[in-house]
Amino acid sequence: MTSNISDEVQAAAVAVERSAATSQLRFATAGSVDDGKSTLVGRLLHDSKSVLVDQLEAVEHASRSRGQEAPDLALLTDGLRAEREQGITIDVAYRYFATPRRRFILADTPGHVQYTRNMVTGASTAELAVVLVDARNGVVEQTRRHAAVAALLRVPHVVLAVNKMDLVDYAEPVFAAIAEEFTTYAASLGVPEITAIPISALAGDNVVTASANMDWYGGPTVLEHLETVPVGTDPSQDPARFPVQYVIRPQSAEHPDYRGYAGQIASGVLRVGDPVTVLPSGLTSTVTGIDALGAPVDLAWAPQSVTVTLADDLDISRGDLIAPSAHAPSVTQDVEATVCHLHDRPLRVGDRVLLKHTTRTVKAIVKDIPSRLTLDDLSQHPSPGELAANDIGRVTLRTSEPLALDAYDASRRTGSFLLIDPADGTTLTAGMAGDSFAARAATGAEPAADDEGWDF
Amino acid sequence: MTTVAAINGTGAAEGGDLYALSHLDALESEAVHIFREVAGEFERPVILFSGGKDSIVMLHLALKAFAPARVPFSLLHVDTGHNFPEVIDYRDRTVAEHGLRLHVASVQEFIDDGRLRERPDGTRNPLQTVPLLDAIEKNRFDAVFGGGRRDEEKARAKERVFSLRDEFGGWDPRRQRPELWQLYNGRHSPGEHVRVFPLSNWTELDVWQYIAREKIELPQIYYAHEREVFRRSGMWLAPGEWGGPKDGETVERRLVRYRTVGDMSCTGAVDSDAVTIEQVIDEIAASRLTERGATRADDKLSEAAMEDRKREGYF
């Protein structure tokens, strides 16, 4: 580290510190084994000055003791003993870095070991996914899987990073052909926004600093794009959803009759005075107060954690959903969903499971597994009977109690659920309610490239 | 908190920016959600409370999450016997102020009755695991909140928000439950418990900015003050009965502060003249060392020191 760099670091860091009210972007990376994902992540962290001296020293020390000449930036991210021993990434890890413009939470997902469930995990909370492609190989099966998972999980923004441009002489036609092929494919899945960027993670082209080797490229670097992509959603576009987490009843001299419903607004905007319906009971009332962690407010929005009071003393408990009476979801005991099976124990027709949806956990039976999806070509395998680890398929479930379930494409928060093994509590399956491209392909319907139903 | 009266009624027309949350508000909302999930799903949760800044922020968030009711959790302090007196004082004042119940698990007691043996290097930090697991078992705690953050250390970067521990308190990184969306799975069998990390997504700077924003009082040792220290393994340690200084180590008076507060035997001070929180934030923002790299001896024991301790039941 030269003193020159520490000055820059200091300037950048102090700028970050001055802006405690910056926005935050959660994003995930996806890439297969040798396409340079660890190098890209290492480069992003390193060139954005997010690697501190003691971390770099530890990496240099570990690299030397392995007989490597240059510091191996992948060691920055491979945190487990087994990962370092085997030189692979086993599990999703979360990284944090910041620039003066934004804070970043990066879900660093492994490329090849059990890729689907790991990417599903990383993508479930991501607002942006970076899909890496080796410029020499172009769009391969793995790339299509990554695009399909990003589409399935409804990640709002996708970046195609065409890596190793240094190995194809920084040639524009190579990049243009890959970008064209990927964009066409991803758009057919319904991915709403795709940004393609030619990079060399190893040489540092277009990752943090603009490349001098590709003056034909006029777009942003990876970091610039991460810093400027719009985050969050406009909650006013979505109906309010308020899953009750916990009932707050102080029963103290100061608050003898206080009864507040605590929760995190899952979508939309909640206002004092809103007529609301409580599901699944269907009871109605009016919002009389909203407490935003200490301050009474007139309105609050997703994803704020608040406490709500209602005009009527209703029987409401954890697991109930408060929604505007004019836009309440329907309730059902028959759930149709696309699922990604996560566990080595397969999911079979007839299995009795627990289903956790928002704050509500109910019993459920797997009534049918109508199809399994092959991610490589999006073909359907009918009636597979069971889903193995990393399989994606359609499932129908019957629940013991009604659920106020939205479609996942309307709300990632109230359209998602987990299946849990009642015997030992194992998380078995991740579920997304309603239709998906998987279902459309099964029925032979055309996937809509300009699907206006996309709404995050 | 960004609110409201000014935009009430016009928000819907004006689009998304009005509804933006700052990153601190987003982190706060997420942490509160985690506290309430635990309150809703577990029988006997406890907050690990050391009097360090992360556990202080945890308690502050818990107080906000359940207001105007009381925090429905008790506190547990694993007392190494080598704590900074200012921190113990802070702990006891806080417990009294909020009418909380405090459990203390004492490393010294375990050493005195022979269940633990003092290490040759005098460090008691790794010895905390046994009294911690003992307290969890005896009190049948089923959820244990820790202030661990994923930015602290590369093994912690792999940690889940809800982390299932077996009957030995062990963490097996290869058998972790995948954690998707905001759906936390707290199911566990008798004897098992779940460690919960509401500050998982916070960085050191976030914690300090939040402390500044919320005007949270901290033990004074977090701010620059003159104190006696001596040099060992490149760190400024506080002299004390725990085993320092030894021959050849000399005590001097320096202007220092602490970035982390753990056991005196392994927590180093940093040279600093930051006496206000704004100065502390400036100092951290410009620091070229991570918090643990700068001040924690126990993480330097081996490349996988944290992972190994976590496997044994440490946080």
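Here is how names work: the chains are called A, B, and so on, in the same order as the sequence lines, proteins then strands, and each is numbered from 1. These numbers come from a predicted model, not from an experiment.
Contacts of A/R26 classified as side-chain hydrogen bond (donor to acceptor under 3.5 Å, both in side chains), with partners at least two apart in sequence or in another chain: B/E30. Among residues two or more places apart in sequence or in another chain, the side-chain hydrogen bond (donor to acceptor under 3.5 Å, both in side chains) test is passed with A/T426 by A/D424.
Heavy-atom distances place both the backbone and the side chain of B/H33 under 4.5 Å from chain A. The contact between A/Y258 and chain B is made entirely by side chain atoms (from C-beta outward), counting heavy-atom distances below 4.5 Å. Only the backbone of B/A65 comes within contact range of chain A, with heavy atoms under 4.5 Å apart. A/V231 does not touch chain B: none of its heavy atoms, backbone or side chain, sits under 4.5 Å away. Contacts between A/I265 and chain B at a heavy-atom distance below 4.5 Å are absent for every atom of the residue. Only the side chain of B/R177 comes within less than 4.5 Å of a heavy atom in chain A; its backbone stays farther off. For A/S252, no part sits under 4.5 Å from any heavy atom of chain B, backbone or side chain. The part of A/L342 that comes within reach of chain B is its side chain, from C-beta onward, which places non-hydrogen atoms under 4.5 angstrom from that chain. Heavy atoms of B/A26 lying under 4.5 Å from chain A belong exclusively to its side chain.
Minimum interatomic distance between B/K64 and A/L293 (heavy atoms only, all atoms of both residues): CE-O, 3.0 Å. When all heavy atoms of B/D206 and A/R103 are compared, the pair lying nearest together is OD1-NH1, 2.5 Å. Taking each heavy atom of B/R187 and A/G425 in turn, the nearest pair found is CB-CA, 3.5 Å. Closest approach of A/M432 to B/W181, counting heavy atoms only: CG-CZ2, 3.8 Å. Among all heavy-atom pairs drawn from B/A69 and A/R249, the shortest one is CB-C, 4.4 Å. Minimum interatomic distance between B/A67 and A/I248 (heavy atoms only, all atoms of both residues): O-CD1, 4.0 Å.
In this structure, A/S124 contributes its side chain and B/L180 its backbone to no donor-acceptor pair below 3.5 Å.
With 3.5 Å as the limit, one finds no donor-acceptor pair spanning the side chains of B/Q182 and A/Q264. Looking only at atom types and distance, the side chain of A/D234 has no donor-acceptor partner in the side chain of B/Y19 under 3.5 Å away.
The number of heavy-atom neighbours closer than 6.0 Å to CZ of B/R70, taken from other residues, nucleotides and ligands shown, is 12 or below.
Note on B/E179 versus A/R117: no salt bridge recorded, every NZ/NE/NH1/NH2 to OD/OE distance being 4.0 Å or above.
If you look at B/F66 and A/Y246, their ring centroids are closer than 6.0 Å.
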